[in-house]
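One structure is given below, encoded as structure tokens.
Positions are given from 1, in the same order as the sequence printed here.
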Amino acid sequence: MAIARKEKFKLEEIHTKGLGNLFRRIAWRLIAPLPDPLYVRLQYRLIRGAWPNLSNPVMFGEKVQARKLWDRNPLYATLVDKNAVKAWIAERVGAEHVLPVYWAGRDLQSVDWSTIPLPVVVKPNHASGLGRFIYTAEDVAELLADDPSAEWLAVNHYRYNREWAYSQVEPKMMIEQMLVVDGGIPADFRAFVFDGKISHFMVDIRHGETATSCAYGPDWTKLPFYDPEYFPHHKGEVPRPKQFEAMCRIASTLGRELDFARIDFFVSDDSVHVGEITLYPGGGYEGFEPKEWERIIGERWTQRLYNGR
């Protein structure tokens, strides 16, 4: 497997820049002691500039907030665990569609790296946006010298965004096979699926250390909306993936048991791998431009809140 270039795990998104993000971090600390319903409402107001309608949610982001507060489906703990979900996916669509995990645990210092075939991705099983690409023995040495395990394992998505499912997951570190396409990291294809029906795909395209993003429908027609606080809008066309039919089949199969899930893919010309399953995209705070698309997507979600009864 030839590696033409080293790339960053995390590319900088628009909303991570500037004083606005610093203000949000301070605000989260101030409101952290509040109970979930009030915390979620205030966080939504600070980020989106409006109060969410949670008694009769219509917008996509409002429905994500309702799921966070009141949907207690026990399956969610498995789905948001990046390690445990692999068996669930393999059972439904085949083990060939999950990337192998070479090790999972809490102490990276205990890993016998002579048994780990590089390149790999090191990441926590319970958090988003954290990880490192490990290409060489020098990268391994740097990782162990500046071991991020304690910091990453301490991340608490439930406390930060009140995403309930993460409170049910035992945090671990994991070492996963890296998928390499054309000498680098492949594009991300993220299928938004409602009761097994694909609404659209969000596509993130890497450009060195930057990225752009755009949306495509289930017929691979480009859609006009994007998130103005995420990556910049990709103005060009993205070729239809050669494995598009397989991607659609897998997304529909995995999404059939859920009123909504985002199924994330890495694809090459001859393979399809599910990266993860997301239940609370962007914490429910993603923006839409043009704005009417948040209502359009929200109306595709016939929500069923599981209360454990």
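Taking every heavy atom of both residues into account, Pro228 and Glu289 meet most closely at CD-CB, 4.0 Å. Contact record, Val181 with Ser268: CG2-CB, 3.6 Å, taken as the closest heavy-atom pair. Closest approach of Ser110 and Trp103 over heavy atoms only: OG-CZ2, 4.1 Å. Closest approach of Lys242 to Glu245, counting heavy atoms only: O-OE1, 4.1 Å. Residues Met173 and Leu153 approach most closely at N-CD2, 4.0 Å, considering heavy atoms. Scanning all heavy atoms of the two residues, the minimum distance from Gly298 to Lys63 falls at O-NZ, 2.8 Å.
When side chains are defined from C-beta on, Thr210 does not count as touching Phe231, because their heavy atoms never get closer than 4.5 Å. His207 is listed as a side-chain neighbour of Ile205, based on a closest heavy-atom distance under 4.5 Å.
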- request: Evaluate the criterion ring pair (Phe, Tyr, Trp, His ring centres under 6.0 Å) for residue pair Tyr216 and Phe244; output intermediate values, then yes/no.
  value: CA-CA 12 Å; Tyr216 276 80; Phe244 183 66; 9.0 Å; no

task: List the steps, then state whether ring pair (Phe, Tyr, Trp, His ring centres under 6.0 Å) holds for Tyr166 with His126.
output: CA-CA 7 Å; Tyr166 290 101; His126 71 296; 7.6 Å; no

Steps toward salt bridge (Lys or Arg N to Asp or Glu O under 4.0 Å) verdict (Lys172, Asp81): CA-CA 9 Å; Lys172 293 181 180 180; Asp81 184 327; over 6 Å; no

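Listed for the Asp204 side chain is no donor-acceptor partner under 3.5 Å among the backbone atoms of Ser213. Proximity of a side-chain donor or acceptor of Glu286 to a complementary backbone N or O of Asp227 within less than 3.5 Å is not detected. Of the possible donor and acceptor atoms, none in the side chain of Lys222 sits under 3.5 Å from a partner among the backbone N and O of Val238. A distance-only check finds no donor-acceptor pair linking the side chain of Glu163 to the backbone of Lys68 [under 3.5 Å]. The closest donor-acceptor contact from the side chain of Arg162 to the backbone of Gln65 lies at 3.5 Å or more, if one exists at all. Looking at Ser252, its side chain never comes within 3.5 Å of a backbone N or O of Arg249 through a donor-acceptor pair. Side chain of Lys86 to backbone of Leu99: a donor-acceptor contact under 3.5 angstrom is found. A donor-acceptor contact shorter than 3.5 Å is absent between the side chain of Lys82 and the backbone of Pro124.
The hydrophobic clustering, which links ILVMFWY residues whose side-chain heavy atoms are closer than 4.5 Å, places Phe288 and Phe260 together. At a threshold of 4.5 Å between side-chain heavy atoms, the hydrophobic network of Ile, Leu, Val, Met, Phe, Trp and Tyr places Val169 and Val98 in one connected group. Under the 4.5 Å side-chain heavy-atom criterion for grouping Ile, Leu, Val, Met, Phe, Trp and Tyr, Val40 is not connected to Val58 through any hydrophobic cluster. Both Val203 and Val272 are members of a single hydrophobic cluster when ILVMFWY side chains are connected at heavy-atom separations under 4.5 Å. With hydrophobic clusters built from ILVMFWY side chains whose heavy atoms lie under 4.5 angstrom apart, Tyr226 does not share a cluster with Ile296.
Within a 6.0 Å sphere centred on CD of Glu151, other residues, nucleotides and ligands contribute 12 heavy atoms or fewer. Sparse packing is recorded around CZ of Arg159, with 12 or fewer heavy atoms of other residues, nucleotides or ligands lying under 6.0 Å away. Applying the 6.0 Å contact sphere to NZ of Lys197 captures no more than 12 heavy atoms from other residues, nucleotides or ligands. Residue-environment remark: CZ (Arg295) stays at or below the threshold of 12 foreign heavy atoms within 6.0 Å. Around atom CD of Glu142, no more than 12 heavy atoms belonging to other residues, nucleotides or ligands sit under 6.0 Å away.
A ring-centre distance under 6.0 Å is not found for His273 and Phe266. Under the 6.0 Å cut-off for aromatic ring centres, His157 and Tyr280 do not qualify, their centroids lying 6.0 Å or more apart.
Judged by the 6.0 Å and 45° rule, Arg300 forms no cation-pi pair with Phe194.
When each of Ile116, Thr115, Val111 is tested with Tyr102 by the rule side-chain contact (heavy atoms from CB on, under 4.5 Å), just one qualifies, namely Ile116. With Trp293 as the partner, the ring-ring contact (aromatic ring centres under 6.0 Å, His included) test is satisfied by one option alone out of Phe60, Phe192, Phe225: Phe225. No option in Asn125, Ile277, Val80 other than Ile277 meets the side-chain contact (heavy atoms from CB on, under 4.5 Å) test with Val85.
Atom CG of Asp139 is separated from atom CG of Leu118 by 8.0 Å, given to the nearest 0.5 angstrom. Remark: Thr212 OG1 to Arg206 CZ distance equals 11.5 Å, nearest 0.5 Å. The CD atom of Gln243 sits 8.5 Å away from atom CD1 of Ile250, with the distance rounded to the nearest 0.5 Å. Atom CG of residue Asn307 and atom CG of residue Asn73 lie 11.0 Å apart, to the nearest 0.5 angstrom.
With no hydrogens or angles considered, no side-chain donor-acceptor pair links Glu62 and Tyr44 at under 3.5 Å. A donor atom on one side chain and an acceptor atom on the other are not found under 3.5 Å apart for Gln43 and Tyr160. Under the 3.5 Å distance criterion, with hydrogens and angles disregarded, a donor-acceptor pair is assigned to the side chains of Asp36 and Tyr158. The closest side-chain donor-acceptor pair between Asn161 and Tyr285, if any, does not fall under 3.5 angstrom.
Looking at Arg48 and Glu229, no side-chain N of the basic residue comes within less than 4.0 Å of a carboxylate O on the acidic one, giving no salt bridge. The existence of a salt bridge linking Arg132 and Asp146 is confirmed by a sub-4.0 Å separation between a basic side-chain nitrogen and an acidic carboxylate oxygen. Using a cutoff of 4.0 Å between basic side-chain nitrogens and carboxylate oxygens, Lys123 and Glu176 are scored as salt-bridged. Taking the charged nitrogens against the carboxylate oxygens, Asp264 and Arg262 do have a contact shorter than 4.0 Å, which makes a salt bridge.
With side-chain heavy atoms closer than 4.5 Å counting as contact, directly or through intermediates, the hydrophobic cluster containing Met174 also holds Val101.
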